[in-house]
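Could you have a look at this structure, given as structure tokens, before my questions?
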Amino acid sequence: MPLALLAGPANAGKVARLLEGYLASVDREPVLVVPNRPEVEVVERELLALRPGILGGSVGTFDDLFRRILKRSGGEPRERIRDTQRSLLLARIAARHRAASTNGLAASARFAGFADSLGDAVAELESALLEPGEVEGDLGNLYAAYRAELERLDLTDRQLSRAHAAALIANDLDAWDGTPVFAYGFEDLTGVEWSLLEALAGRADVTVSLPYEPSRLAFSWVERTASDLARLADDRIQELPAQPWYQADALAYLERSLFAEAQAAPPPLEGAIRFLEGAGSRGALELVADEVLSLLRAGKPADKIAVVLPSLERRRSVLESVFAALGVPYALEGTIPLGRTPYGHALIGLLRFASLGGTRRDLFAFLRSPYSGLARPRADYLDGRLRGRAVTEAARVEEESAKLLGNPLPALGDLRAAPTLVDGARSLARSMLRIAYGLGSPPVSERARLDLRAHEAVVKLLDELEGWRSLGEAVGPDELVAALDRAPVRLPGAREPGRVAVLDLMRARTRRFDTVFVLGLEEGVFPRRATETPFLSDDLRRELEEKGRRLARPDALARDRYLFYTACTRPWELLVLVRESADDEGRPREPSPFYEEVRSRFD
């Protein structure tokens, strides 16, 4: 049976129509696939608002769909390697490659980012359903080495599990029971996702929603996906027209005219679209914070406001500083490395000092924290005395500290007394929370919530390392510290009530708000400059694409053009476009062509 495709511009009612179809088939236990985990909760609430007390169906991500298939077929054939274990495996493969080769990629293999880039490339190759023998050169050798190590350890990984599930649907009639599938939020499908969707379309009713209008420049990034889905859909395509649901005519006009030929004279802006310019990143964010606070004072709920950036990482620290100083309630969606959290910084500092001969600074990252049990004034006194004596070497720092305090540092003693460093780290992590918050009442402050998430990330990572040791693999102190430093900590999320959502462009594209601020609209920042990935050049991608693999990357400008279009169509009432007129050193900055594109529509 062919796939059904719902297409149309932003805010045309595609997702609403999809949800109606889902509810109409709820007695058949349908599956709704959404782009990410936070979207699951939002969609579940929307469904319950449409029909309270739904007793059938499920909502999840593509990963949930793959897991459902594997569970129905008896589970995964092998245990799946965990994220930390995979990183250790890739790092060891990189080290062996560096030792065995003197040309090609060997010179780069000594850098810390090599293993991460290799992991990304391997995941892309696997998601394109490529085998090691189909890839030549150093990358092919590294890919083959990775797969050989998985075989040796009798493990699989995420992409291989997905490929196995897709193969089951394609070849085993019992792998799917005809349950209807609905999906939205997937503008660019990987090879394995496309393979699954294609196979499911032959087994069940599959309905997909896609933002797309033929021959419109704003949608050129999704043209390939639209073409492939249309081929599967045959004549089951519904093209929904644009809807005048915006509360301002200027926003509706912008949706119709952005990156297109204007069909009519622009309506008055009437304050629905505004342009802000600030000097430097901090100056621009202070303007945004001031505007947000004005909206909040006027009665606008904070969770009806969004701040959208091309990349959260680039401006996260400045944004957090400005918003916190001015009292803007906000929530970021995504993750932060454990080493950048106060809890993780203290934990890693002590581990580095104890096991890697760290510096006085590492020790005092722990001692000055609220997790050490040492009063801050006393820690400052101790550090001052050591500085005055020019004590820097780790053994002398520990010896002199014990003399000045009158006793050895308990945390160091407990850490070294543990059977293994992993056991010691687990005990230390637990005691740090107990020292900071006690046992009398639950930790409920903002800082405590972040600390609990950081502790959760530590426990997860240490469990994965225990599993790695159970496979007969050693875990060195440097590997433990490096893994902890980079472990992702889940942030509270941008959907918390009473908080302004701070999102990147990809996460914002499925959300709706009354007011949206779009930042980063400087030339060279957005649209972003196209870059090739270290292992998979564009030429290699095209070569593999010619073999029938989905590896070619769409044009980077087309991608950013589409994401800007979606960002501009997120608000119902007010769109504010923000750029830096000068950098932090006072040098003038040119506006993004996207910023100028919007201004030109209303000149």
- Message: Between Asp303 and Arg499, does the salt bridge (charged side-chain N to carboxylate O under 4.0 Å, His left out) criterion hold? Intermediate values first, please.
- Response: CA-CA 5 Å; Asp303 49 17; Arg499 296 181 181 275; over 6 Å; no
- In terms of side-chain geometry, is the basic nitrogen of Asp63 or Arg158 positioned less than 4.0 Å from the acidic oxygen of its partner? yes
- Message: Ignoring hydrogens, what is the shortest heavy-atom contact between Ala418 and Asp423? Give both atom names and the distance.
- Response: CB-C, 4.2 Å
- Message: For His164, I'd like to know if atom NE2 has over 12 heavy atoms of other residues, nucleotides or ligands within 6.0 Å.
- Response: yes
- Query: Does any pair with a residue in residues 405-416 pass salt bridge (charged side-chain N to carboxylate O under 4.0 Å, His left out), and if so which ones, sequence neighbours excluded?
  - Reply: Glu398-Arg416
- Query: Is it true that Glu320 and Arg315 have a side-chain N and a carboxylate O under 4.0 angstrom from each other?
  - Reply: no
- Item | Selection residues 418-475 - residue pairs positive for ring-ring contact (aromatic ring centres under 6.0 Å, His included), sequence neighbours left out | none
- Message: Just by distance, no angles: are the side chains of Tyr343 and Arg453 close enough, under 3.5 Å, to form a donor-acceptor pair?
- Response: no
- Mark yes when over 12 heavy atoms from residues, nucleotides or ligands other than Arg529 sit less than 6.0 Å from its CZ; otherwise mark no. no
- Thr420 and Arg469 side chains, donor-acceptor separation under 3.5 Å: yes
- Item | 4.5 Å side-chain heavy-atom contact, Arg96 and Ile93 | yes
- Query: Checking side chain to side chain contact (heavy atoms under 4.5 Å, CB included) for the pair Val578/Leu285: CA distance, chi angles, key distance, verdict?
  - Reply: CA-CA 9 Å; Val578 187; Leu285 283 165; over 6 Å; no
- Distance-only polar pair, side chains of Ser321 and Arg282, donor-acceptor under 3.5 Å: yes
- In terms of side-chain heavy atoms, does Thr510 have a donor or acceptor partner in Glu39 at a distance below 3.5 Å? yes
- Going by atom types alone, do Ser127 and Gln159 pair a side-chain donor with an acceptor below 3.5 Å? no
- Message: Going by salt bridge (Lys or Arg N to Asp or Glu O under 4.0 Å), name the residues that satisfy it together with Asp64, two or more places apart in sequence or in a different chain.
- Response: Arg37, Arg67
- Task: Sequence neighbours left out, what passes side chain to side chain donor-acceptor pair (under 3.5 Å) with Lys460? Give chain and number order.
- Result: Glu464
- For Asp463, all residues meeting salt bridge (Lys or Arg N to Asp or Glu O under 4.0 Å), sequence neighbours excluded: Arg426
- When you look at Lys300 and Val292, which way does the side chain to side chain contact (heavy atoms under 4.5 Å, CB included) test go after all the steps? CA-CA 9 Å; Lys300 176 66 65 180; Val292 169; over 6 Å; no
- Contacts of type side chain to side chain donor-acceptor pair (under 3.5 Å), residue Thr392, not counting sequence neighbours: none
